[in-house]
Protein chains: 2
Amino acid sequence: MFKKLDPLLHSELRLAVMSVLLGLKDADFNYIKEQTQATAGNLSVQLDKLAQAGYISVEKGFEGKRPKTTCRITPAGIQAFENYVESLKDYIKR
Amino acid sequence: MFKKLDPLLHSELRLAVMSVLLGLKDADFNYIKEQTQATAGNLSVQLDKLAQAGYISVEKGFEGKRPKTTCRITPAGIQAFENYVESLKDYIKR
DNA sequence: TAATTTGGTTTATATTATAAACTTATTTAT
DNA sequence: ATAAATAAGTTTATAATATAAACCAAATTA
């Protein structure tokens, strides 16, 4: 009846991050931070979890002399997101 | 951008409970337990939280000599559910 | 009358989310 | 030149949540 919801995506901030990344080729740490209104600490932790799961890739580089972290959703991430949305329908269909 | 998701509803089991109750006039503890595949302990706790929030009403009575707990979604619960679904759209629109 | 089942509740534990504190390097001001 | 402020994160400590295991009381069955 109710499909299990992927616990990695069933989190307000991680879902928002995925939502931001879905629309874009990539996005840097601070852009995601602004869009999601997250604190840096929380965002850092949640990005790690998404990266561990292989749902996003995280590239740490530099822009000029400043560090710059760029994130990108992976094919596995897109698939997981789609599965999550599909599962959610069991719960919210009227 | 991303509306805050009601933390009471952003829970797999509580959302499933609300989903079950939305379709029905009322439902007893064990019916909800079957539908959601929850353990009794977990269900008991989550029903309490939904009742505390005023999203459901819980009536403890008897059927013959056996205790029987009947739950019903309240108007506030219906409204909260609808708001939750509306907020979710920010996150899952493609 | 002893064991089992029903219908739950309470409590303990594991997991998660979050913010606060911290680190390292870079600018800016003095 | 150096002190203060800012940027870009990370680590750690705490609070909140979810969950299952243990428990309880009454009823039923063996």
Side-chain angles (χ1 to χ4, degrees), chain A residues 2-21 26-53 55-72 80 84 87 91, chain B residues 2-21 26-53 55-72 80 84 87 91:
Chain A
F2 295 104
K3 292 190 203 77
K4 170 97 179 111
L5 298 175
D6 182 344
L8 257 139
L9 294 184
H10 195 62
S11 138
E12 187 160 0
L13 181 48
R14 287 194 300 269
L15 193 62
V17 168
M18 293 293 278
S19 181
V20 167
L21 290 180
D26 55 37
D28 65 37
F29 189 95
N30 279 297
Y31 177 79
I32 298 172
K33 181 168 177 289
E34 279 165 28
Q35 293 294 309
T36 59
Q37 297 291 303
T39 60
N42 193 9
L43 183 56
S44 178
V45 170
Q46 307 310 330
L47 288 178
D48 270 359
K49 290 188 189 178
L50 290 171
Q52 288 306 310
Y55 290 180
I56 67 174
S57 65
V58 176
E59 194 172 356
K60 282 151 204 284
F62 283 84
E63 184 168 55
K65 298 181 168 178
R66 295 294 176 99
K68 176 166 173 160
T69 297
T70 304
C71 302
R72 191 181 307 233
Y84 174 77
S87 302
Y91 294 78
Chain B
F2 294 104
K3 293 191 202 76
K4 170 96 178 112
L5 298 175
D6 181 343
L8 257 138
L9 295 184
H10 195 62
S11 139
E12 188 159 359
L13 180 50
R14 287 194 301 269
L15 193 62
V17 168
M18 294 292 279
S19 181
V20 167
L21 291 179
D26 55 38
D28 65 36
F29 188 94
N30 278 298
Y31 178 78
I32 299 171
K33 181 168 176 289
E34 278 165 30
Q35 292 295 309
T36 59
Q37 297 291 302
T39 60
N42 192 10
L43 183 56
S44 178
V45 171
Q46 306 310 330
L47 288 178
D48 271 359
K49 290 188 190 177
L50 290 171
Q52 289 305 311
Y55 290 180
I56 66 173
S57 65
V58 176
E59 194 173 355
K60 282 152 205 283
F62 283 85
E63 185 169 52
K65 297 181 167 177
R66 295 293 176 97
K68 175 166 173 161
T69 298
T70 304
C71 304
R72 189 180 307 233
Y84 174 77
S87 301
Y91 295 78

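Keep in mind that the numbers below use all heavy atoms, side chains included, and drop hydrogens, waters and symmetry copies. The chains referred to below are lettered A, B, ... by the order of the sequence lines, with proteins before strands, and numbering in each begins at 1.
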Determine all donor-acceptor pairs shorter than 3.5 Å in which one atom belongs to a side chain in residues 55-71 of chain B; sequence neighbours excluded.
{"residue": "Tyr55(B)", "atom": "OH", "partner": "Asp6(B)", "partner atom": "OD2", "Å": "2.6"}
{"residue": "Glu63(B)", "atom": "OE2", "partner": "Lys68(B)", "partner atom": "NZ", "Å": "3.2"}

Got a sec? Which of residues 26-41 of chain A come in under 4.0 Å of DNA chain D, heavy atoms? Phe29(A), Asn30(A), Ala40(A), Gly41(A)

For the side chain of Lys60(B), starting at C-beta, report the closest nucleotide among dG9(D), dA18(D), dT9(C). dT9(C)

Near DNA chain C, counting only heavy atoms under 4.0 Å, which residues of residues 4-12 of chain B show up? none

Quick one: CD on Gln46(B) to CD1 on Ile32(B), what's the gap to the nearest 0.5 Å? 12.5 Å

Quick one, which residues of residues 44-51 of chain A touch DNA chain C with a heavy atom under 4.0 Å? Val45(A), Gln46(A), Lys49(A)

Protein-nucleotide distance (Arg14(A), atom CZ; dT18(C), atom C1'), rounded to Å: 12 Å

So, do Val20(B) and Tyr31(B) sit near enough that their side-chain heavy atoms are less than 4.5 Å apart? yes

Validation row: Met18(A), Tyr91(B) side chains within 4.5 angstrom (heavy atoms): no

Separation of Phe62(B) atom CZ from dA27(D) atom P, in whole Å? 8 Å

Considering all heavy atoms, the nearest Arg14(B)-Pro7(B) contact: NH2-O, 3.0 Å

Would you indicate whether the side-chain heavy atoms of Leu5(A) and Leu9(A) approach each other to under 4.5 Å? no

Under-3.5 Å N/O pairs linking protein and nucleotides 26-28 of chain C:
{"residue": "dT26(C)", "atom": "O3'", "partner": "Arg66(A)", "partner atom": "NE", "Å": "3.4"}

Work out which heavy atom in Glu34(B) is nearest to a heavy atom in Gln37(B); give both atom names and the distance. O-NE2, 3.0 Å

Specify the separation, in whole Å, of atom CG of Leu43(B) and atom P of dT6(C). 17 Å

Gap between atoms CG and C1', on Asn42(B) and dA14(C) respectively (whole Å): 13 Å

Set of salt bridge (Lys or Arg N to Asp or Glu O under 4.0 Å) partners for Lys49(A), sequence neighbours left out: none

Calculate, to the nearest 0.5 Å, the distance between atoms CG and CG belonging to Leu13(A) and Leu50(A) respectively. 8.5 Å

Tell me the closest heavy-atom pair linking Thr39(B) and Lys33(B), and the distance in Å. C-CE, 4.2 Å

Looking only at heavy atoms, the pair that brings Tyr84(A) and His10(B) closest together is OH-CE1, 4.0 Å

Could you check how far NZ of Lys68(A) sits from C1' of dT10(D), rounded to whole Å? 19 Å

Working to the nearest 0.5 angstrom, can you tell me the gap between Asp48(A) CG and Leu43(A) CG? 9.5 Å

